[in-house]
Amino acid sequence: GNSVTQMEGPVTLSEEAFLTINCTYTATGYPSLFWYVQYPGEGLQLLLKATKADDKGSNKGFEATYRKETTSFHLEKGSVQVSDSAVYFCALSETIQGAQKLVFGQGTRLTINP
Amino acid sequence: ETGVTQSPTHLIKTRGQQVTLRCSSQSGHNTVSWYQQALGQGPQFIFQYYREEENGRGNFPPRFSGLQFPNYSSELNVNALELDDSALYLCASSLEGPKTQYFGPGTRLLVL
């Protein structure tokens, strides 16, 4: 079946550092790809998405590009802030029995120190 | 625009009991999906409801069941609770088809 693999955490950076969280996927066809963020004690918030190859999703300074050739969707931010501390999930969409479901990676915990 | 809401926020049950979790979808969204997120893991798809029918199910046993109501709100029922059912249960709403899913804050269930 389809799957998503994220770089293992936790990741700890200093404020204003450059961030990369790696995400690769295995899928038949070309699924939509997503990054969701989960702040402590909360549900998931959509951060950005891309629906086809070479699309770049962006939001709040975060970016990710859908790379078909490397089956990757790495998350980047040029200058992180303490408020970016959270768990980040990479996900793809797939169809099962007529339903659109999300398949998530295991999550990467990010801590930003002031 | 009202986002996805879930109730209750926290719940403690004992093994063998039954539990019902509730979800109100975002305004205008007619599809509801349920996910289970164990501690330190990514969410796992339980099932999805559209037009009051289950239209897709993940690898969960039949003691996990659900309902969707005409106003698109939904319930997740779990019978014969087991310790491993302890998790954060997330509801997500969307329009039908390959549309973005928007998540609620979740219900944290602890089974003792």
Side-chain angles (χ1 to χ4, degrees), chain A residues 1-10 21 23-25 27 29-52 55 57 59 66 73 75 86-110, chain B residues 3-10 21 23-26 29-60 66 68 74 87-108:
Chain A
N2 296 344
S3 65
V4 174
T5 302
Q6 292 180 231
M7 67 184 285
E8 289 194 22
I21 300 178
C23 170
T24 58
Y25 66 91
Y30 303 104
S32 293
L33 301 174
F34 304 84
W35 278 100
Y36 282 87
V37 58
Q38 188 172 38
Y39 297 101
E42 298 185 11
L44 275 69
Q45 296 180 23
L46 177 67
L47 183 57
L48 54 84
K49 67 178 182 180
T51 58
K52 61 183 187 295
D55 264 2
N59 186 28
Y66 192 141
F73 193 55
L75 183 68
V87 180
Y88 292 80
F89 291 94
C90 184
L92 62 78
S93 64
E94 69 174 11
T95 301
I96 175 172
Q97 304 157 16
Q100 282 285 320
K101 75 171 212 184
L102 294 171
V103 176
F104 287 89
Q106 73 273 31
T108 302
R109 181 174 298 279
L110 173 66
Chain B
V4 180
T5 60
Q6 293 186 242
S7 63
T9 55
H10 295 82
L21 311 181
C23 170
S24 292
S25 60
Q26 184 168 315
H29 286 182
N30 56 14
T31 301
V32 173
S33 305
W34 286 92
Y35 294 80
Q36 180 196 66
Q37 185 181 14
L39 197 62
Q41 302 295 315
Q44 299 289 318
F45 176 75
I46 303 175
F47 44 52
Q48 184 178 87
Y49 276 82
Y50 170 62
R51 290 185 174 178
E52 303 177 49
E53 298 277 340
E54 183 185 295
N55 69 336
R57 188 178 187 93
N59 190 26
F60 281 81
Q68 187 181 31
S74 177
L88 179 67
Y89 288 85
L90 295 164
C91 167
S93 75
S94 62
L95 294 172
E96 73 274 14
K99 303 299 186 201
T100 301
Q101 296 185 16
Y102 295 90
F103 285 80
T107 294
R108 190 164 296 280

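Worth knowing before you read on, the calculation uses all heavy atoms, side chains too, and leaves out hydrogens, waters and symmetry mates. Here is how names work: the chains are called A, B, and so on, in the same order as the sequence lines, proteins then strands, and each is numbered from 1.
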(request) Would you indicate whether A/Tyr30, at its atom OH, is surrounded by more than 12 heavy atoms from other residues, nucleotides or ligands within a distance under 6.0 Å? (result) no

(request) Examine whether an atom of A/Lys101 lies under 4.5 Å from a heavy atom of chain B, and if so say whether it belongs to the side chain, the backbone or both; otherwise answer neither. (result) both

(request) Any chance you could measure A/Tyr36, atom OH, to B/Leu90, atom CG, to the nearest 0.5 Å? (result) 11.0 Å

(request) State, to 0.1 Å, how close A/Lys49 and B/Thr100 come at their nearest heavy-atom pair, and which atoms those are. (result) NZ-OG1, 2.7 Å

(message) Just checking B/Arg57: does its CZ atom have more than 12 heavy atoms from other residues, nucleotides or ligands closer to it than 6.0 angstrom?
(response) yes

(message) Is B/Tyr49 in contact with chain A via its backbone, its side chain, both, or neither, using a 4.5 Å heavy-atom distance?
(response) neither

(message) On a heavy-atom basis, which atom in B/Phe45 and which in A/Leu102 lie closest, and how many Å separate them?
(response) CB-O, 4.4 Å

(request) Using a 4.5 Å cut-off on heavy atoms from C-beta on, say whether the side chain of A/Phe89 contacts that of B/Pro43. (result) yes

(message) Can a donor-acceptor pair be found, under 3.5 Å and without considering hydrogens, that links the side chain of A/Gln100 to the backbone of B/Lys99?
(response) no

(request) Counting only heavy atoms closer than 4.5 Å, note whether A/Leu44 contacts chain B via side chain, backbone, both or neither. (result) both

(message) Looking only at heavy atoms and a cut-off of under 4.5 Å, which of B/Glu54, B/Gln6, B/Gln41 has the most pairs with chain A?
(response) B/Gln41

(message) I'd like to check the salt bridge (charged side-chain N to carboxylate O under 4.0 Å, His left out) partners of B/Glu52; sequence neighbours left out, ordered by chain and number.
(response) none

(message) Please classify the contact of B/Gln48 with chain A as side chain, backbone, both or neither, using a heavy-atom distance under 4.5 Å.
(response) side chain

(request) Heavy-atom pairs under 4.5 Å with chain B are the metric here; pick the option from A/Gly105, A/Pro31, A/Gly41, A/Ala99 that has the most. (result) A/Ala99

(request) Only counting residues at least two apart or in another chain, list the ones meeting side-chain hydrogen bond (donor to acceptor under 3.5 Å, both in side chains) with B/Gln37. (result) A/Gln38

